[in-house]
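Presented below is the structure to which this report refers.
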Amino acid sequence: MLTVFMTKAKAKIEHLGDSGVDIVESSGRLGVFLFNTLSRLWMYRFPLEETIKQLLFIGARTVPLILISGLFTGMVIALQFYDTLIRFGSVDLLGAAVAMSLIRELGPVMAALMVIARVGSATCAEIGIMRNEQQFDALDCMAIDSYHYVMLPRLLAAIVSVPLLTAMFDTFGIGGGYIVGVLIHGVSDGAFLVGMADTIVWNDVWMGIVKSFLFGLVIMSVCLSKGFYLHIEQKQSGAVGVSQATTQAVVLSAVLMLFVDYIVSSLML
Amino acid sequence: MKKMNVNFIVGLFMLFGMATMAYLSVTIAGVSGYSDDSYQLVAKFDSSSGLKEGAFIEIAGVKAGKVISIELDKESFESVAVFVFDSGVILAEDTIASIRTSGIIGDKFVKISPGASDELLKSGDEIIETESSISIEELVSKYIFSSDSDNE
Amino acid sequence: MTSSNKNIIEVNNLVTHYGDRQILNGIDFSVEKGEIRVIMGGSGSGKSTLLNHMLALLTPTSGSIVIDNVDVVNANRKTLLKLRQKMGVAFQGGALFSSMTVGENIKLPLQHHTKLDEHTIDIMTRLKLELMNLAGFEDLMPSELSGGMLKRAGLARAVIMDPKLLFFDEPSAGLDPVTAVELDELILKLRDAMNMTIIVVTHELESAFKIADRITVLFDGEIAITGTVDEIKNSKDVRIQNMINRRARDEHLDADEYIKRLTTGKN
């Protein structure tokens, strides 16, 4: 009985060790991947045309989603804050509260989540299928650098797009807050706008920009590398492998994004 | 034609993003460089507890400037605050600066009560008369203990 | 390097592993300039692995691979890039990029490695499409093509730079007999028209016998025989005769072994 238990426990512990090694290995791969991709910036000419294509997909086509989700996020936090603040008779702080929570925290995080959902998963699946169909081998054989031609434009487009999308999210969120606070609940628009302008300082906006920049970097590098290393990391090949890689990429990029969020907040507050 | 279209849409996206970012930074965060020749005054407080850099300055209830720095005077252990006023504001020598709170739990701000003296303060001068922050705890305890002392 | 003038590919004592499993076991292999060489073997024989090593996509455990006087295993990135511009590879499924049209796919190498103007590139692209009987398909997306067309488009992309050396992975796999024959004709045409050295990996006997100057047969990670079509046909090796006559491998089984294998799952 005891020996059975011992062998089981030993197997469990060995399994634990294996997954520990896996984690270290995959973070190592992520680092190497990021280094390889960014090093192409000064090894080759700037991939302008490809980056513009990706800006269209990652940035421009995400705008409608960002505007709608930003608007509703702003509206709902304005509603919640209104309900809370009216108990303290401080409804004048509504604009400040909405803008502060959006600019510092909710804007970057929500916009990044939207990008993960719309762009991250699709990119990981696309790259994974390219790996499956030997397209990276084909690029190698054509003497075209995959990092430069496929990875770098996507990474750059994400780094540029996510802060811009975040700014749009913030602005439309504030607009949503204005609709709920001023137009629906009758908070004075002066109190809303001036309170907002008086409370938010440049450091808050800067924090939002820094966060969203890092989020773009983290999300895209995780999703790209999960697809790129599909053949090494996934136990199953084919469609199952792609679906597993995509799931992992979405989960990992969301968790890493929140981790980075905490680090940046604690450094900048 | 198709390529033009892509560039155009991406350009629109970039411009729109930049515009919202500019809106956030300039209109809301109020980024504007204060030049050296703007009207700045210094005030020393026993306590500026709760007052933050960026807090606004009111004259007669109207916003008229900002606090740009708060530092500790290491000899007198007083709080040294630097104010920047909107252009056109010039204050007299017997002006009073006091730290107030908007509402009960609101932000601290500086209330300026303009003086009547003929002598005007130049940029960089000090406002001599100041009133420090009043904390709610102090107010409450003052009220409780003063009613105690009335009974004596 | 005595034979370097004659042989464009020279593989010496190549040993490779996949994880702990040994795939290739001391391969010696050479290809002369201008010949069509077919590499044959069943699945798991290591023919795809050998191809991937010659393409420098994998790093061998030991041994050397020299292609056009370049040591592929130890070459630095720059040398390898130069070499690869002289090589064309047509992958099994075409490996076209699904986000681009067929035409854009085919001109990709030209856009990256030459400074030709857009107009010239278009003409060269159409020339190759014409050669592959794909004229008029350049604006379609790869997903709109059939399997045979995808292979031909992949071949067009592989030869767009007029390489000295062409690798073709499984040209007839998954194709109907007529299309497969068309592809064989294309390969012969390419060699005659452009004087290429062509290496074809396949398991289709018929097409191998039709196009090959010489055939190399792999079994379990070792070369069983290299020879002309007639030499292969007249080989006395049982495994090769089995392959030609489409007989299943007759493994003489030891009854006890067999039972043991079934019950324990181990050899």
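Each chain gets a letter, A, B and so on, in the order the sequences are listed, and its residues count up from 1.
Shown here is Gln80(A), whose CD atom has no more than 12 heavy atoms of other residues, nucleotides or ligands within 6.0 Å. At most 12 heavy atoms of other shown residues, nucleotides or ligands fall within 6.0 angstrom of atom CG in Asp118(B). The environment of NZ in Lys122(B) is sparse: at most 12 heavy-atom neighbours from other residues, nucleotides or ligands sit within 6.0 Å. Shown here is Phe46(A), whose CZ atom has more than 12 heavy atoms of other residues, nucleotides or ligands within 6.0 Å.
Residues Thr20(B) and Leu164(A) approach most closely at OG1-O, 4.3 Å, considering heavy atoms. Between Val6(B) and Ile52(A) the shortest heavy-atom distance is CG1-CG2, 3.9 Å. Across Ala167(A) and Gly17(B), no two heavy atoms sit closer than the pair CB-O, 4.1 Å.
Neither the backbone nor the side chain of Thr166(A) has a heavy atom closer than 4.5 Å to any heavy atom of chain B. In this structure, no portion of Ile66(A) lies under 4.5 Å from any heavy atom of chain B. Neither the backbone nor the side chain of Phe109(B) comes within less than 4.5 Å of any heavy atom of chain A.
Distance check, rounded to the nearest 0.5 Å: CG of Leu56(A) to CG of Leu12(B) gives 11.0 Å. For the atom pair CE (Met21(B)) and CG (Asp170(A)), the distance works out to 8.5 Å, reported to the nearest 0.5 Å. Here the CG-CE distance, from Leu24(B) to Met196(A), works out to 8.5 Å after rounding to the nearest 0.5 Å. Taking CD1 of Ile174(A) as the start and OH of Tyr23(B) as the end, the distance is 5.5 Å to the nearest 0.5 Å. Atoms CD1 and OG, from Ile103(A) and Ser25(B) in turn, are 9.0 Å apart once rounded to the nearest 0.5 Å.
Applying the ring pair (Phe, Tyr, Trp, His ring centres under 6.0 Å) definition to pairs two or more places apart or across chains, those involving residues 148-169 of chain A are Tyr44(A)-His148(A), Tyr149(A)-His112(C).
Annotation: side chain of Phe16(B) is in contact with side chain of Leu67(A) (closest heavy-atom distance under 4.5 Å). Counting heavy atoms from C-beta on, the side chains of Lys53(A) and Val10(B) never come closer than 4.5 Å.
Residues satisfying the side chain to side chain contact (heavy atoms under 4.5 Å, CB included) criterion with Val218(A), sequence neighbours excluded, are Val222(A), Leu256(A), Val260(A).
Per-residue heavy-atom pair counts under 4.5 Å with chain B were compared for Gly95(A), Ala96(A), Ala99(A), Ser161(A), and the maximum is reached by Ser161(A).
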